[in-house]
Amino acid sequence: KQEVTQIPAALSVPEGENLVLNCSFTDSAIYNLQWFRQDPGKGLTSLLLIQSSQREQTSGRLNASLDKSSGRSTLYIAASQPGDSATYLCAVRRWTGANNLFFGTGTRLTVIP
Amino acid sequence: EAGVAQSPRYKIIEKRQSVAFWCNPISGHATLYWYQQILGQGPKLLIQFQNNGVVDDSQLPKDRFSAERLKGVDSTLKIQPAKLEDSAVYLCASSSVLGLSYEQYFGPGTRLTVT
């Protein structure tokens, strides 16, 4: 059974700092991995999707990497802003069967002005 | 392009009562998902539809939860009777069968409180 873990559970950083969020998964036979952002009381917004054949994806100040063999992904946020404060979730999609996602428990990020 | 719509946004009921949630996916998306997100946890898949057929309902508590997608478009999720542990946010998502990423788009969710 696929298990997804995110460390740390919560993180506070001063504005402008670069930061890294971690995601690990137990079954390396994944189809792709997706990073989401969730604001309080709202749904999930997709940030980046990395196919299993890719090593990283970039969007603006965000960079996500994937090391499938070791079961790890990182989300790098450059020059953090207070508007980045949210919960960040990673999810993996398996190869076989239904293409549903297995989610981690998330990292709650607070960027202090 | 309109996103995934869900209603109601909030619902408070007493235990043993019934409740229903509605979801309208992005136009043209054949796959629809219902997730349950308990406070402090990541979303957990309850059921996945491909058009109006069920692909995966292995984690749906079938003694009290039911879902349908009769015309292959919008969907309803029902809980009858509700328990305290059903308090959670219920998220609906949809994805297209075109392309190879199966990227899912989520609605705003329905927050259910069972008292």
Side-chain angles (χ1 to χ4, degrees), chain A residues 1-10 21-26 30-54 57 59 64 66 73 75 86-108, chain B residues 3-10 21 23-26 29-51 53-60 88-113:
Chain A
K1 179 185 173 184
Q2 179 70 270
E3 293 186 5
V4 183
T5 304
Q6 291 187 248
I7 295 173
L21 306 181
N22 296 293
C23 171
S24 61
F25 45 95
T26 55
I30 64 169
Y31 187 75
N32 56 33
L33 181 146
Q34 202 165 350
W35 281 94
F36 293 90
R37 168 186 174 138
Q38 186 172 32
D39 293 282
K42 298 191 177 180
L44 279 64
T45 301
S46 179
L47 298 174
L48 290 164
L49 184 149
I50 311 177
Q51 297 289 9
S52 62
S53 58
Q54 297 176 320
Q57 280 285 345
S59 176
L66 173 64
S73 176
L75 179 66
T87 295
Y88 290 80
L89 295 155
C90 75
V92 298
R93 181 173 286 106
R94 57 187 177 178
W95 265 105
T96 58
N99 56 25
N100 49 285
L101 294 169
F102 291 88
F103 282 86
T105 52
T107 294
R108 189 173 68 251
Chain B
V4 177
Q6 290 187 249
S7 67
R9 292 296 312 279
Y10 306 92
F21 313 127
C23 171
N24 189 263
I26 292 173
H29 280 192
T31 310
L32 185 147
Y33 314 78
W34 283 102
Y35 289 87
Q36 180 193 57
Q37 186 177 23
I38 294 172
L39 186 65
Q41 299 181 16
K44 180 186 79 172
L45 180 75
L46 292 175
I47 189 167
Q48 177 183 345
F49 291 95
Q50 180 81 9
N51 297 308
V54 175
V55 176
D56 186 349
D57 64 356
S58 58
Q59 298 193 89
L60 185 75
V89 175
Y90 291 84
L91 296 164
C92 179
S94 69
S95 66
S96 172
V97 295
L98 301 178
L100 297 176
S101 70
Y102 304 105
E103 185 169 3
Q104 294 180 22
Y105 298 84
F106 283 78
T110 296
R111 182 177 297 276
L112 173 67
T113 303

*Measuring heavy-atom distances to chain B, does L49(A) have an atom under 4.5 Å in its side chain, in its backbone, in both, or in neither?*
side chain

_Portion of Q6(A) that has a non-hydrogen atom of chain B nearer than 4.5 angstrom_ = neither

*Measure the spacing between NZ of K42(A) and CZ of R111(B) and express it to the nearest 0.5 Å.*
13.0 Å

*Counting only heavy atoms closer than 4.5 Å, note whether F102(A) contacts chain B via side chain, backbone, both or neither.*
neither

*asked:* Using side chain to side chain contact (heavy atoms under 4.5 Å, CB included), reason through L89(A) and Q37(B) one step at a time and then give a plain yes or no.
replied: CA-CA 12 Å; L89(A) 295 155; Q37(B) 186 177 23; 4.3 Å; yes

_Closest approach of G43(A) to L91(B) (non-hydrogen atoms, all atoms of both residues)_ = CA-CD2, 4.2 Å

_Gap between atom CZ of F103(A) and atom OH of Y35(B) - 0.5 Å precision_ = 5.0 Å

*Taking the side chain as every heavy atom from C-beta outward, state whether L101(A) and Y33(B) have any atom pair closer than 4.5 Å.*
no

*Heavy-atom closest contact (E103(B) atom, Q34(A) atom, distance)*: CG-NE2, 3.2 Å

